[in-house]
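Working notes, structure below.
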There are 2 protein chains.
Amino acid sequence: MSDNKTSDLRMLFALFNEIGIIEQLSRTLFEGRLPKGVLVSHFSVLNHLSRLGDGRTPLDIARAFQVPKTTLSHTLSLLEKRGWIEMRPNPADKRSKLVYLTDAGRTFRETAIDSLAPDMAAMADHLNLGDIEAMLPKLAEIRSYLDRARDAAGT
Amino acid sequence: MSDNKTSDLRMLFALFNEIGIIEQLSRTLFEGRLPKGVLVSHFSVLNHLSRLGDGRTPLDIARAFQVPKTTLSHTLSLLEKRGWIEMRPNPADKRSKLVYLTDAGRTFRETAIDSLAPDMAAMADHLNLGDIEAMLPKLAEIRSYLDRARDAAGT
DNA sequence: CTAGTTTGGTACGATGTCGCACTACTTATA
DNA sequence: TATAAGTAGTGCGACATCGTACCAAACTAG
């Protein structure tokens, strides 16, 4: 009984440990390919807007990445300073804003993807993509659980 | 052909995206259970030393977590300030130091694990541990690949 | 042995992250 | 409609992370 519990606990620790290290390594790797001063968090926002459509509110984006809104606010201000996004008023809610990609933003995303592509291609060669595909729904499930647990954390 | 490539790329983006969000959520969740001012990075170091044995050099530990040595140096100084670790000279290399857990450090680790246990237990109830167990070697493989890619990045 | 190179660790500065507090607006309630 | 409660976004301060530069010790080559 308690043996099972401790082994469960060990396994979960191992999981989050691996995930933490992979996050660390992949972030460092990708940031090494991006122009100086551009972080993965910046690219991710541009990519998100491009893939899922722009015209979203900052809070929508913050929730998508599960980061505090103040963090995203900072990121957006940098993206705007670089001319990659544009903040427009939200006609539906005067407190709110809508985030739009500029042409420069779309262009930057494309070139960034191009500079990441060789690494990605190498990964695709060396890793088992079938395994990764199979893993994605399991990871999404873990993500979703943590998301719910976070909401319940006020308890 | 190029369709496959772009779908591979999409899949890898999705993977790192999920991993980033899970890292984010789990870190926030765990840090909410730790005493104010104690971060997951601190706990992880104590846990590492306890599980794999202390008397390691800072650089060993930095490599284990794949963080820059300056980051670990900062973390260790905080742990030392709290009396949870002890830095002793390395008899084998006068430039180097060895990191040892103190009794207070071991005790803190235990209580921290206890305070994390309820969340972990809930996860163990709601997640499929078999899936996670199966995922661990795949994640380790990805980690290992990224590790090698990092070393080759100087190329 | 000595000079040049490599390695372990730290100091310092820049910057991203994030909690707190606040304002402006919206929604719910009476 | 008026008042209270909730929500979107930002300013600010604290601090972790990390790159650069540096020192001291260890290794390597001649």
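By convention in this document, chain letters (A, B, ...) are assigned in the order of the sequence lines, proteins followed by strands, and residues within each chain are numbered from 1. Quick caveat: nothing in here was measured; it's all calculated off a predicted structure.
- Across the protein-nucleic acid pair, B/Leu79 atom CG and C/dG9 atom C1' stand 16 Å apart, rounded to whole Å.
- Comparing B/Lys36 and A/His42, the nucleotide of DNA chain C nearest to each residue sits closer to the 5' end for A/His42.
- The listed nucleotides are C/dC25, C/dC18, C/dG8; the one nearest the side chain of A/Arg95 is C/dC25.
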Using atom types as modelled, flag every donor-acceptor pair under 3.5 Å from a side chain in residues 123-133 of chain B to any protein atom, sequence neighbours excluded.
{"unit_1": "B/Asn128", "atom_1": "OD1", "unit_2": "B/Gly130", "atom_2": "N", "d": "2.9"}
{"unit_1": "B/Asn128", "atom_1": "OD1", "unit_2": "B/Asp131", "atom_2": "N", "d": "3.2"}
{"unit_1": "B/Asp131", "atom_1": "OD2", "unit_2": "A/Lys138", "atom_2": "NZ", "d": "3.2"}

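- Salt-bridge annotation for A/Glu110 and A/Arg106: absent, with no side-chain N of the basic residue lying under 4.0 Å from a carboxylate O of the acidic one.
- For the pair B/Lys97 NZ and D/dC23 P, the computed distance is 17 Å after rounding to whole Å.
- Taking the nucleotide of DNA chain C with the nearest heavy atom to each of A/Ala92 and A/Ser41, the more 5' of the two is matched to A/Ser41.
- Two rings, from A/Phe16 and B/Phe30, have their centers less than 6.0 Å apart.
- Of the residues in residues 58-76 of chain B, B/Pro58, B/Leu59, B/Arg63, B/Lys69, B/Thr70, B/Ser73 come within less than 4.0 Å of DNA chain C through at least one heavy atom, sorted by number.
- Between A/Leu78 atom CG and D/dG11 atom P there is a gap of 12 Å when expressed in whole angstrom units.
- A distance of 9.5 Å separates CZ in B/Arg63 from NZ in B/Lys69, rounded to the nearest 0.5 Å.
- Using a 4.5 Å heavy-atom cutoff, the side chains of A/Trp84 and A/Val38 are in contact.
- Between A/Arg27 and the phosphate of D/dT17, there is no side-chain N or O to OP1/OP2 separation shorter than 4.0 Å.
- Ranking D/dC18, C/dT10, D/dA26 by closeness to the B/Asp93 side chain, first place goes to D/dA26.
- Listed by chain and number, the residues in a side-chain hydrogen bond (donor to acceptor under 3.5 Å, both in side chains) with A/Thr71 amount to none (sequence neighbours excluded).
- Atom-to-atom, CG of B/Leu39 to C1' of D/dA14 comes out at 12 Å; the value is rounded to the nearest Å.
- Nucleic acid contact for A/Gln24: sugar-phosphate only, since backbone atoms but no base atoms lie under 4.0 Å from a heavy atom of the residue.
- As rounded to whole Å, 12 Å separates atom C1' of C/dT15 from atom CD of A/Glu31.
- At a threshold of 4.0 angstrom between heavy atoms, the contacts of B/Ser77 with the nucleic acid are absent.
- Here A/Thr57 does not reach the OP1 or OP2 of D/dA8: none of its side-chain N or O atoms lies under 4.0 Å away.
- Salt-bridge check for B/Glu86 with B/Arg88: passed, with a basic side-chain N closer than 4.0 Å to an acidic carboxylate O.
- The separation between A/Asn90 atom CG and D/dT7 atom C1' is 13 Å, rounded to whole Å.
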